[in-house]
Amino acid sequence: MRIGHGWDLHRLEEGLPLVIGGVAIPFEKGCVAHSDGDVLIHAVIDALLGAAALGNIGKLFPDNDPRYRGADSRALLRQTVSLLPSRWRIANIDTTVVLQAPKLNPFTDAIRANLAVDLQIDIEAVSVKPKTHEKVDSVGRGEAVEAFAVVLLESAES
Ligand code: MG
């Protein structure tokens, strides 16, 4: 087995789209980013790359590369999955999104469904847990959104 951990944070500003796990969340603020700023998918990509020791998202998809301007992070996730050595398969993934507002609970099943499709695993193997930051620090003041992911790879040969 192999385990991988990923983390990401994006600043939030008024008038930008907020996309989390491929779902457009209605809100007055969104992520400042070179790509679509999908903080959760970026954490998942880093967890996958970490488990396979393939580097990190910035190395694979540089944020100064015009090809990734406004990029759909789901496409980057699918590309990452295609890079995983065939001797490993994804067993499960667990994630946490830290966002002061809005509440993400109404969207978690849609987010899980998107991740399950892109990771080619059962939705029961995909966990998404929203939390607030108790109104403290930058995330708690609504200035940023943060995401954590862990992924377990298991041998595809057993
Ligand atoms: Mg990012």
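We count ligands from 1, going down the list as the structure has it; atoms in each ligand are counted the same way.
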Subject >> Pairs where residues 103-112 contributes a residue and the test salt bridge (Lys or Arg N to Asp or Glu O under 4.0 Å) is met, not counting sequence neighbours >> reply: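 Sorted result for residues 103-112: Asp109-Arg112.
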
**OP:** Let me know which of Asp38, Asp36, Leu9, Leu18 forms a side chain to side chain contact (heavy atoms under 4.5 Å, CB included) with Cys31.
**Re:**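 It is Leu18, the one option of Asp38, Asp36, Leu9, Leu18 that forms the side chain to side chain contact (heavy atoms under 4.5 Å, CB included) with Cys31.
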
Original post:
Restricting to pairs with a member in residues 9-18, which pass side chain to side chain donor-acceptor pair (under 3.5 Å), not counting sequence neighbours?
Top reply: Asp8-His10, His10-His42, Arg11-Glu13

**OP:** Anything protein N/O/S under 2.8 Å from the Mg ion (ligand 1)? Just list residue and atom, please.
**Re:**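 Listed by chain and number: Asp8 OD2, His10 NE2, His42 ND1.
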
**OP:** Report the relative orientation of the aromatic rings in Phe61 and Tyr68; use parallel for angles under 30°, tilted for 30 to 60°, perpendicular for over 60°.
**Re:**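 Aromatic pair Phe61/Tyr68 classed perpendicular.
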
Original post:
Can you find a pair of side-chain heavy atoms, one from Val19 and one from Asp72, that are under 4.5 Å apart?
Top reply: no

Original post:
Among all residues two or more places apart in sequence or in another chain, which pass the ring-ring contact (aromatic ring centres under 6.0 Å, His included) test with Phe27?
Top reply: none

